[in-house]
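Side chains included, hydrogens not; waters and symmetry mates left out as well; all remaining heavy atoms used.
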Amino acid sequence: MTTAPPAEAAKTAALLSPSPTSVPRPEAPAAPPVRRVPLAVSGLLAAALTAYVWSAHGAKPGVLLLLGLALGVALFHSRFGFTSAWRQLVAVGNGTGLRAHALLLGTTATLFALLIGTKTGLFGSVPAPSGGPLGLGLLIGSFLFAVGMQLGGACASGTLFAVGSGQTSIVLTLGGFIGGATLAAWQFDLWKDLPSLEPVVMADHIGWFGSWAVTILVLAAIVLVSRRVQARRNPPPIGPVPSARGAAARVLRGSWPLAVGALALAVLGAGVLLVSGGAWGVTSAFSLWGAELVRALGGHPESWSWWQQPGNKEMLAGPVLADKTSLTDIGIMIGAAVAAALGGTWTLHRGVPWRTATAAVLGGVLMGIGARFAGGCNIGAYLAGIASGSLHGWVWGAFALLGTWAGLKLRPLFGLGNPKPGDGVC
């Protein structure tokens, strides 16, 4: 049996060890007692809605709702976010969240390559990659979305699980999000002809194995660079969240490591692709919910050009509780409520400062508009695009980082703080 030379073994150990922070990460506080009433309400709602969807619309929508519930649980327990991860990276150089993104992206890319490459699907679906055009709309939209994330306090998936856990200010973000997505759909004719190039999906040129290999290599390079940046800047650690003691209790009531959350989200996101034939997304449902509200108030969104596009027309004509994205979105909110109640942290926050409320609504509006311009959000464009080997996913991520930088400059105007090198946590 051969062993690695001491120098090589030391390098490997250093690579696998946690990146340095200015101070050790504080120990997580104990989880509060279970919130029994919110748990009972959210649990009954999950069961009743699943039974209704399954009986009214069939097994496929029912499974999608179950996947959404599981996504909500995983998102909450791991506190898996994109907004805070990019804020920590840009503000103080802590790349912990970005490396969790890389694990999520790499695992999802692997599962997507297997499913799409072999055309494996359920319920008669044929999995397809998420390719998006490369154009001005993508650049503007991803930049605006990232600015909105930093003002609104959450990304698309983060908005859903935060609302489910009772965070009142994020309810305002969700309202703005729906409003912005509806506004962009209403004014589709003003921006639909922005210059763009056709989508570039690497598998069309180098096959699924080649596409997967390139994606993994780029992600590995990002991980290495982020570790070097963090070692040089020596940032504060990420703040801990309440957790239960013991392995079993931690699964049900505690905080999950980011790596566990990344793996769980990758498997569940691949499940959405397997069942529906399309990648997990979030924001198309917001345009739909806004259109239904307009229709309830006497408007006619079916006359808008956006809702006359192939795919969109069928979405508006069908029931909301049969729409793939609506089902997973609703499931995320309810699943997060169940998880937050089990973890003892579900609560309604009262007395939101007016500047925070203004930032929440404005951030939501910017995210809604940005998601429509860019053809997706941090899930539908960034995650699904990169995992599909589409270049637009990488472009979305690059311009979202620029938007994050701009958003950090704007946050103090609304009384919102940014991480600083001397903080105890970021």
Going by atom types only, do Arg253 and Ser243 share a side-chain donor-acceptor pair under 3.5 Å? no
Steps toward ring-ring contact (aromatic ring centres under 6.0 Å, His included) verdict (Trp396, Phe82): CA-CA 13 Å; Trp396 195 101; Phe82 295 80; 8.6 Å; no
Evaluate whether atom CH2 of Trp186 has more than 12 neighbouring non-hydrogen atoms of other residues, nucleotides or ligands under 6.0 angstrom away. no
Whether the Asp323 and Thr325 side chains hold a donor-acceptor pair (N or O, under 3.5 Å, no angle test) is what I'd like checked. no
Side-chain (Arg227) to main-chain (Leu224) donor-acceptor, under 3.5 angstrom: no
So CZ of Phe80 and OG of Ser157: to nearest 0.5 Å the spacing works out to 8.5 Å
Counting the benzene-type ring for Trp, do Phe286 and Phe177 have ring centres under 6.0 Å apart? yes
Are Leu401 and Trp86 close enough, and set up right, to give a side-chain contact (heavy atoms from CB on, under 4.5 Å), and what steps lead you there? CA-CA 7 Å; Leu401 280 174; Trp86 281 329; 3.5 Å; yes
If you count the non-hydrogen atoms of other residues, nucleotides and ligands that lie under 6.0 Å from NZ in Lys409, is the total more than 12? no
Looking at Gly278, is its backbone amide N or carbonyl O close enough to the side chain of Ser276 to form a donor-acceptor pair, meaning the two atoms are under 3.5 Å apart? yes
Sidechain-backbone polar pair: Arg87 side chain, Pro419 backbone, donor-acceptor under 3.5 Å: no
Would the number of heavy atoms belonging to other residues, nucleotides or ligands and lying under 6.0 Å from NE2 of His205 be above 12? yes
Neighbour count >12 (heavy atoms, 6.0 Å) for atom OH, Tyr52: no
Counting only heavy atoms from other residues, nucleotides and ligands, does the tally under 6.0 Å from CZ of Arg36 exceed 12? no
Can any side-chain N or O of Arg372 pair as donor or acceptor with the backbone N or O of Thr283 at less than 3.5 Å? yes
State whether Phe414 and Arg411 meet the cation-pi test: NZ (Lys) or CZ (Arg) under 6.0 Å from the six-membered ring centroid, and within 45° of the perpendicular axis. no
Between Thr120 and Thr118, is any side-chain donor less than 3.5 angstrom from a side-chain acceptor? yes
May I ask you to check whether Trp289 and Ser326 show a side-chain donor-acceptor distance below 3.5 Å? yes
For Ser287 and Trp306, run side chain to side chain donor-acceptor pair (under 3.5 Å): C-alpha distance rounded to whole Å, both residues' side-chain angles, the deciding distance at 0.1 Å, then the answer. CA-CA 10 Å; Ser287 297; Trp306 173 264; 4.7 Å; no
Can you confirm whether Trp191 is buried at CH2, in the sense that more than 12 heavy atoms of other residues, nucleotides or ligands lie under 6.0 Å from that atom? yes
